[in-house]
Amino acid sequence: MCNVNQKSFVQKGHLNVHVKTHENVKSYVCSMCQKTFTTN
């Protein structure tokens, strides 16, 4: 369950992706324009 908005997920991987939206983590970088994204 998300500690920020109490949203729950069946798979832990989905929770991990969701939590990044609150943390503003942008782990993926476009190799062409260098823009960063939270998901690939």
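These values consider heavy atoms only, across backbone and side chains, with no hydrogens, waters or symmetry-generated copies.
Evaluation of the ring-ring contact (aromatic ring centres under 6.0 Å, His included) rule for Phe9 yields His18 as partners, not counting sequence neighbours. In this view, Lys35 and Cys33, Phe37 satisfy the side-chain contact (heavy atoms from CB on, under 4.5 Å) rule, not counting sequence neighbours. Residues satisfying the side-chain contact (heavy atoms from CB on, under 4.5 Å) criterion with Met32, sequence neighbours excluded, are Cys30.
Atom CG of Asn16 is surrounded by more than 12 heavy atoms from other residues, nucleotides or ligands within 6.0 Å.
Within the 4.5 Å cutoff, the side chain of Asn3 has no heavy atoms near those of the His22 side chain.
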